[in-house]
*Asks:* 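Can you read through this structure? Questions will come right after.
FYI, side chains are in, hydrogens and waters are out, and symmetry mates aren't considered; it's all heavy atoms of this structure. Everything quoted here is computed from the prediction, not taken from an experiment. In what follows, every chain begins at residue 1, and chains take the letters A, B, ... in the order their sequences are listed.
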Number of protein chains: 2
Amino acid sequence: MAEAYELPLLLFAGFRALIDELHAELARRGHPDVRPAYGFAMQAIGPRGASASEIGRRLGVSKQAAGKTVDRLAALGYVERVDDPADARRKLIRLTPRGIDSLTQSAEIFEILRTRWVAKLGAGRVETIESSLRAVVPGPNYPVDVPGWFGILAG
Amino acid sequence: MAEAYELPLLLFAGFRALIDELHAELARRGHPDVRPAYGFAMQAIGPRGASASEIGRRLGVSKQAAGKTVDRLAALGYVERVDDPADARRKLIRLTPRGIDSLTQSAEIFEILRTRWVAKLGAGRVETIESSLRAVVPGPNYPVDVPGWFGILAG
DNA sequence: ACGGTTTGGACAACCACGTTGTCGATTCTA
DNA sequence: TAGAATCGACAACGTGGTTGTCCAAACCGT
């Protein structure tokens with residue numbers, strides 16, 4: 001008899017556990033100041049680069065918010081701003097080699113973490129979690145404006 | 001063949017979907033300005049009340065952060081501060097009837113949402129998700145300082 | 001080819017939520 | 001009873017969001 005209120009807490013705890021372990025390992029591998037928000041942003045930039053406005057749209061946040069995150073990412077050397085020769089308004093945000101490395105490492109670490117879950121739970125249960133969640137969540141493009149969302153909502 | 005990076009996203013999307021639906025329904029039921037953070041805080045206060053410092057400890061945040069949340073909760077009429085007759089330093093934070101109502105309604109809504117998942121996935125799969133997550137997450141007292149955590153970490 | 005509309009990026013002000021550090025007042029304890 | 005711990009308040013700050021404004025550049029219909 002599970003209490004219904006536990007379900008969201010367990011989902012969050014699972015998410016948080018994975019993200020915490022990811023960043024602990026990322027820190028060990030030379031990326032101590034990557035934060036969860038940065039990972040999502042770099043994911044949104046992608047290997048081909050993107051403008052700040054595009055990043056905002058992909059992340060579900062305003063272009064200003066995306067721009068600020070890019071500032072921090074640039075200060076840490078994970079991305080660089082390049083003038084777009086085809087459009088003088090745009091500044092293309094590109095991952096630096098360091099940025100690409102953090103993404104590559106993250107992918108590796110996620111593999112390891114999932115493997116660890118499979119070892120504990122069995123492949124079947126992990127696949128059940130994945131396919132079940134895919135069936136109940138609205139869509140694949142869920143915005144990741146976590147802090148703002150948690151605070152605001154229902155306004 | 002699931003990509004490993006999907007697992008955390010799916011967990012988060014599941015969490016977020018539940019919380020979003022909770023607050024949409026809460027708004028319909030007369031609590032339009034309860035935010036996710038407030039629900040956690042009121043949960044931490046509990047029916048017997050608590051001091052700001054206690055709330056902070058239960059939530060895994062500083063007493064100052066807890067105090068600020070209490071301010072907002074008090075401004076909305078969900079809690080009240082009462083002088084503790086047994087300890088002149090303490091101010092007891094107590095849920096008002098409105099606060100209690102929001103918690104009661106939340107519990108009801110979580111039941112409904114879980115039932116909806118059971119209808120879609122079957123009771124077995126939902127129970128698999130719950131028991132599996134219980135097995136892989138560190139402990140039951142996971143801190144819920146979501147916004148701060150998302151931003152900071154690995155500092 | 002020109003003029004109105006979009007768009008991109010920068011800047012400012014603001015809010016929510018967290019953090020440390022400090023402080024006076026009270027309570028606990030050795 | 002003196003020293004240590006705790007409570008709540010206040011201030012300053014950081015991070016991640018939001019609007020609104022603004023200009024320059026690009027787009028598009030006439």
*Asks:* Would you mind building the protein contact string for nucleotides 20-26 of chain D? One character per nucleotide, 5' to 3', B for base within reach (heavy atoms under 4.0 Å), S for sugar-phosphate only, - for untouched.
*Replies:* B----BS
*Asks:* Rounded to the nearest 0.5 Å, what separates atom OG in B:Ser51 from atom CZ in B:Arg57?
*Replies:*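 Here the interatomic distance stands at 6.0 Å.
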*Asks:* Using the rule side-chain contact (heavy atoms from CB on, under 4.5 Å), only one of A:Arg29, A:His23, A:Glu21 pairs with A:Ile109; which is it?
*Replies:*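 So the option named by the test is A:Arg29.
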*Asks:* Taking only heavy atoms on the protein side, list every residue of residues 69-81 of chain B lying under 4.0 Å from any atom of DNA chain C, sorted numerically.
*Replies:*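 Going residue by residue through residues 69-81 of chain B, the ones with a heavy atom under 4.0 Å of DNA chain C turn out to be B:Thr69, B:Arg72.
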*Asks:* Are any of the side-chain nitrogens in B:Glu80 or B:Lys91 under 4.0 Å away from the carboxylate oxygens of its partner?
*Replies:*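 Judged by the 4.0 Å cut-off on N to carboxylate O distance, B:Glu80 and B:Lys91 do not form a salt bridge.
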*Asks:* So how far is it from B:Glu54 CD to B:Leu92 CG, rounded to the nearest 0.5 Å?
*Replies:*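 Taking CD in B:Glu54 and CG in B:Leu92, the distance rounds to 8.0 Å.
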*Asks:* With the threshold set at 4.0 Å, does a side-chain nitrogen-carboxylate oxygen contact exist between B:Glu3 and A:Arg114?
*Replies:*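 So B:Glu3 does not pair with A:Arg114 through a salt bridge.
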*Asks:* Nearest nucleotide by nearest heavy atom, which residue falls closer to the 5' end of DNA chain C, B:Lys68 or A:Ile93?
*Replies:*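 With A:Ile93 and B:Lys68 compared, the 5'-side residue is A:Ile93.
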*Asks:* Side chain of B:Ala65: nearest nucleotide among C:dA10, D:dG8, C:dT19?
*Replies:*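 Nearest listed nucleotide: C:dT19.
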*Asks:* Below 4.0 angstrom from OP1 or OP2 of D:dC7, is there any side-chain N or O of B:Ser53?
*Replies:*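 Yes, such a contact exists.
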*Asks:* Are A:His31 and A:Arg98 side-chain neighbours, meaning at least one heavy-atom pair lies under 4.5 Å?
*Replies:*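 A side-chain contact under 4.5 Å exists here.
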*Asks:* Are OP1 or OP2 of C:dG18 and a side-chain N or O of B:Ser62 less than 4.0 angstrom apart?
*Replies:*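 No, because none of the side-chain N or O atoms of B:Ser62 sits under 4.0 Å from OP1 or OP2 of C:dG18.
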*Asks:* Any link between A:Phe15 and A:Ile112 through a network of hydrophobic side chains (Ile, Leu, Val, Met, Phe, Trp, Tyr) touching at under 4.5 Å?
*Replies:*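 No.
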*Asks:* Give one of base, sugar-phosphate or nothing for A:Ser51, where a contact means two heavy atoms less than 4.0 Å apart.
*Replies:*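 Sugar-phosphate: the residue A:Ser51, judged by heavy atoms under 4.0 Å, touches backbone atoms but no base.
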*Asks:* Working to the nearest 0.5 Å, report the span between CG of B:Leu7 and CD1 of A:Ile129.
*Replies:*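 Here the interatomic distance stands at 7.0 Å.
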*Asks:* Would you tell me if any nitrogen or oxygen in the side chain of B:Arg90 comes within less than 4.0 Å of OP1 or OP2 on D:dT6?
*Replies:*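 Looking at the OP1 and OP2 atoms of D:dT6, neither is under 4.0 Å from any side-chain N or O of B:Arg90.
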*Asks:* On the nucleotide D:dG16, are OP1 or OP2 found under 4.0 Å from the side-chain N or O atoms that A:Tyr38 carries?
*Replies:*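 Result: yes.
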